[in-house]
Amino acid sequence: MLKYIRLIGAVMLTATAMLACKEDFPVDEDGLLITGRTQCYVSNFELLGSDLQTVRTKNAVVDTVAQTVDVEVFYGTDLKNLRPQFSLVTDAKLEPKITGKVDFSDLANPKKYTVISGNRQIKKTYTVKITVQKP
Amino acid sequence: MKHRYLFSFIIMLSMTFGMTACNDDDGLTVTPKNELQNDVIKRTLGPNMVGLNIEFAYAMAIPKSLGKLVSAQVEASIGGAEGTYLDNKSYYTNGSGQDVGIEVGSASVNNGSKTTVTFTKDTIAATLRYFYRIPNAARGQEVTFKFSANASNGQTVTYSMGPYKIAQMDMVLDLDVKDSTAAYISIADMAVYGPADAAAKADKIDLVYLYRSIPNITFNHALVAPSSKEYLPGVKLPAGVTRSAKISKVWALRDQQLARLQFGVFIDDLDFQQLSIADAPDFAINMRAEAGAWVETADGKYRAYIYINSINNTTKSAKISMKRYALK
């Protein structure tokens, strides 16, 4: 009988060992992994209209030094209902979060978005400047 | 000791087998019913709209030894509009995939909300199609159908279908709009007017259709509310045409009833009820074929979806279809 108890004991010990937690990776308040990356930039920018089609007349110009995104939109674009899409460097995140439509109609006060690096230590604020195509 | 475990193991094994053992009934053998039987399927998809048909296929059969079919009838809870009929042909699909009808009875007779076909051929099995033209009286209500068949041996079978909700919204197809001549769209009337008629119905004009080819920008085909002067270049609005509207451009929402394309997408009452375009502008330019726009009238009475069926840059014209929902 003792043999069986020992066997069960051994099995349980192995199972516990296998299921044991490893050291936790650090995550931020959004549950995203905090990594060692220090890069912090916008790599691409897209702007969609209410019909989910692009409103850019050409590629957006992302200046990572001046921290600006210059984008020209079609004449007749509904600036109140735009959906911006940022492509960021690996592990970085954006603040404020884009959850849906964004009102870009106040051209005098361009919207600002902050990129936060993978290690969450570096923050860079980009300004999205929109110009509307003129006839 | 060893034998005890072996014994328990065998008991466990046999219990497992016992629990998963097959049933004698394989579910494949069907005992045929020796009586008159019927079945119905609904053939139309999408919202049921006033003026359109709801189509059913009603199948009935009786064993030859018991007799033949005498009549088939459908009773709707709300009488169908003119054009409601029960087909007197029974269809089969030929090798090329075409439905071929064989006449089995006299043309259907509508009596109140009841539609009847009397069989004139010796028939023991038939599938008749029923087309219920939705009457205006049924708008926003539910309709049920009672299908029944009589056989020569006195047997009767019935089959109930529904209830089916009839949509509140209206639809109009293939309105031709043309720059400056047939350019004034009224959501309330679901119609397109020329400048003279537009002046007479100025309080009902919600949108202006225009086509412009302007250098450096993409204007093309546009739906613009009369209030939006900036986007009406070179348009001299008829007197009194000043209304505004909310217009939200949509791409690739090809409602099957409006577009009549292969896409199984339908706009229903619910879409209009939940539509939120309060912050939409009063113009939509560069409209392409197969695009559309949600529109809400300035008085908040109507919401509509305007679909662009086709465009023609040369003639500066387009073909549009519209679904409209009355809010108040």
Side-chain angles (χ1 to χ4, degrees), chain A residues 1-12 45-61 70-85 96-111 113 128-135, chain B residues 1-2 4-5 8-9 208-225 228-235 244-254 265 275-296 305-308:
Chain A
M1 201 61 191
L2 198 66
K3 206 173 103 191
Y4 287 108
I5 292 170
R6 275 191 191 149
L7 188 70
I8 292 167
V11 168
M12 280 175 74
F45 182 76
E46 174 63 286
L47 202 55
L48 303 179
S50 63
D51 55 357
L52 305 180
Q53 300 293 294
T54 188
V55 295
R56 291 179 293 105
T57 57
K58 54 192 176 224
N59 282 340
V61 179
D70 285 294
V71 56
E72 188 190 55
V73 300
F74 287 113
Y75 176 76
T77 297
D78 171 17
L79 295 174
K80 285 189 175 175
N81 296 294
L82 291 177
R83 293 166 192 271
Q85 293 179 342
K97 294 182 184 69
I98 298 163
T99 52
K101 292 188 284 191
V102 178
D103 185 351
F104 278 96
S105 60
D106 188 359
L107 295 177
N109 296 304
K111 286 246 178 279
Y113 289 91
V128 180
K129 292 178 183 165
I130 292 184
T131 47
V132 181
Q133 198 181 26
K134 290 272 183 295
Chain B
M1 194 71 174
K2 208 173 183 180
R4 230 179 80 194
Y5 283 107
S8 319
F9 179 70
V208 182
Y209 164 81
L210 69 159
Y211 173 84
R212 292 287 180 274
S213 178
I214 302 172
N216 303 325
I217 62 164
T218 321
F219 198 99
N220 296 342
H221 302 266
L223 294 172
V224 180
S228 182
K229 297 284 188 294
E230 187 192 342
Y231 294 98
L232 289 169
V235 173
S244 181
K246 301 272 182 215
I247 307 168
S248 177
K249 253 169 97 166
V250 186
W251 173 244
L253 175 51
R254 291 161 286 206
V265 177
L275 184 68
S276 166
I277 54 166
D279 56 355
D282 53 0
F283 62 90
I285 68 167
N286 190 21
M287 300 289 292
R288 290 171 284 170
E290 297 190 19
W294 294 105
V295 183
E296 186 171 327
Y305 180 71
I306 297 180
Y307 176 79
I308 312 281

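It should be emphasised that the depicted structure is a prediction, and the values quoted were computed from it without experimental measurement. Labels below follow one simple rule: chain letters A, B, ... track the order of the sequence lines, proteins then strands, and each chain is numbered from 1.
Interface remark: B:Pro215 contributes backbone atoms only to the contact with chain A (heavy atom separation under 4.5 Å). For a residue to count as touching a neighbouring chain, one of its non-hydrogen atoms must lie under 4.5 Å from one of that chain's; by this rule B:Arg212 does not touch chain A. For a residue to count as touching a neighbouring chain, one of its non-hydrogen atoms must lie under 4.5 Å from one of that chain's; by this rule A:Phe74 touches chain B with the side chain only.
Nearest approach of A:Ser50 to B:Lys249, heavy atoms of both residues: OG-O, 3.3 Å.
Between chain B and the residues A:Lys101, A:Lys80, A:Gln53, the largest count of heavy-atom pairs under 4.5 Å involves A:Gln53.
No donor-acceptor pair closer than 3.5 Å links the side chain of A:Lys111 to the backbone N or O of A:Val128. Not a single donor-acceptor pair under 3.5 Å links the side chain of B:Tyr231 to the backbone N or O of B:Ala222. Within the 3.5 Å criterion, the main-chain N or O of B:Asp279 finds a donor-acceptor partner in the side chain of A:Asn81.
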